[in-house]
There are 2 protein chains.
Amino acid sequence: MPALQNIKVAVDAVVFGYTSKEGLSVLLIKRNIDPYKNAWALPGGLVGDAESLEEAVQRELTEETGVNINYLEQLYSFGAPNRDPRNRVVSITYYGLVKPDAFELKADTDASDVAWFNIKNLPKLAFDHTQIINVARNRLKSKMLYQPVGFELLEEKFPFSELEKLYMAVLDRPIDRRNFKKKIMKFGFLEETTEKQMLDGAGRPGNLFRFNQAKYFQLQKDGIAFEI
Amino acid sequence: MPALQNIKVAVDAVVFGYTSKEGLSVLLIKRNIDPYKNAWALPGGLVGDAESLEEAVQRELTEETGVNINYLEQLYSFGAPNRDPRNRVVSITYYGLVKPDAFELKADTDASDVAWFNIKNLPKLAFDHTQIINVARNRLKSKMLYQPVGFELLEEKFPFSELEKLYMAVLDRPIDRRNFKKKIMKFGFLEETTEKQMLDGAGRPGNLFRFNQAKYFQLQKDGIAFEI
DNA sequence: ACAAAAGTGTTGTACATACACCCATGG
DNA sequence: CCATGGGTGTATGTACAACACTTTTGT
């Protein structure tokens, strides 16, 4: 048992957003100090002495990106002795989900640069952040198979194909439209509205759907079991 | 971003063992220093500056309990500002599985007291350790539904009913023997030997089974999906 | 008219569930 | 011979997988 300990505690967040145009994306900031100056990295930073870990993540996200988080869950803690070249830092990581309107921050913020990157087209990242994103992505993949995911990532009303494309983007494989719809609708947390999608191109416009929040959160607690 | 940070980093371990006599049990140590002097607590302690988190857990387990760990996985990180009354400590917790022979440590060790406690009969614990054990127990519950668990908790050869009782103890509900056997055997990671169980009471002796390690670890990687 | 996307139903197969009687041993 | 625990099979329902054509809109 060491008498003196010299380890810092940080939090980092992998924030996922989704739009059908941009696909599944991750929020990154550009570092303006060494080490890894000018490299892209996850938003995050040291935990204050008096704040909880969740408070620290929320604070860092507000300070560095301004996004509005709809869901936040602890992911994993990374503590390899040399993951930060300056001194030892243990990072407790979280992953979060945000709605599409968060994508508009791109233009707003510029203190240090902030941007969305498609998950399939990430830049080189600082520290072990590439690894952290991989862990987060796998977690999201498994999560969406036993709990509903969508309310936190889509607009209030959306065509059914949005949800389907979201699942395809996260799972990174094609899905049979008919089977998928049967499975999802059976849970009863999706309500069909009579409104129709606004069109932005050719194609038959689809009905808009909405989450029934009571049933949704009930299922999120109880868990659902399904294969896509 | 605070300039000076005064947070310590610790690791704690929830070690599960199982025998049909004692049921699902957790390894605890009796604290001999304040705070919570003489209270039971999870094995653990501060992380050394040069060791990884896993090394720290292994070291603490060896120092404090002497058990031989067969499986170790990170569980969750607890960081509420006041979880330790002295100063702030963020604890990165792990859960582990050990084979039944570890139960014999009871007599051996006495530096500070070490003992197994049945999961349904835990004493009052120091800090937030009761909560940590609950999280670990739920994690083990879900884990055993999508990955094989048993090799790490049972002896090399065991009657099939041992595995069945293990599942009942962890899931805390009855299981249909015939359906359970069908499901487990279909995965092919269990081999039936011709040896028979040594009897310690009445009843027909059962055949002994053994894990096929290659198939077992393959399934542990790939994941299995089944309902009990 | 054509291209693009939405909508919809049936069939086979595999798996989960429910359920009860006989067998081998120790006392 | 009785008590204890081990061993086994069938029938039913549900859920997943595979699969193609029609409808509505924009251009």
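Convention: sequence-line order gives letters A, B, ...; per-chain numbering from 1.
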task = Summarise how protein sits on nucleotides 6-11 of chain C as a single string, 5' to 3': B when a protein heavy atom is under 4.0 Å from the base, S for sugar-phosphate-only contact, - for no contact.
result = BBBBB-
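Rounding to whole angstrom units, CG of residue Leu163(B) and C1' of dG6(D) are separated by 15 Å. Atoms CG (Leu199(B)) and C1' (dG6(D)) sit 10 Å apart, rounded to a whole Å. Summarising the geometry, the separation between NZ on Lys186(B) and P on dG9(D) is reported as 16 Å, rounded to the nearest angstrom. The CZ-P distance, from Phe187(A) to dT14(D), rounds to 16 Å in whole Å. Rounded to a whole Å, the CZ atom of Phe180(B) is 17 Å from the P atom of dC15(C). In this structure, Met198(A) atom CE and dA5(C) atom P are separated by 19 Å, rounded to whole Å. For the pair Ile184(A) CD1 and dC16(D) P, the computed distance is 11 Å after rounding to whole Å.
Using a 30° and 60° split on the angle between ring planes, Tyr216(A) and Phe189(A) fall in the perpendicular class, above 60°.
The pair Glu63(A)-Arg59(A) meets the salt-bridge criterion, with a side-chain N (NZ, NE, NH1 or NH2) lying under 4.0 Å from an Asp/Glu carboxylate O. We find that Asp172(B) and Lys120(B) are joined by a salt bridge, their nearest charged nitrogen and carboxylate oxygen being less than 4.0 Å apart.
Under the 6.0 Å cut-off for aromatic ring centres, Phe211(B) and Phe158(B) qualify, their centroids lying closer than that.
With Asn118(A) contributing its side chain and Glu22(A) its backbone, the two residues share a donor-acceptor pair below 3.5 Å.
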message = side-chain hydrogen bond (donor to acceptor under 3.5 Å, both in side chains) for Tyr94(B) and Glu54(B)? Distances and angles first, verdict last.
response = CA-CA 9 Å; Tyr94(B) 284 75; Glu54(B) 285 77 11; 3.1 Å; yes
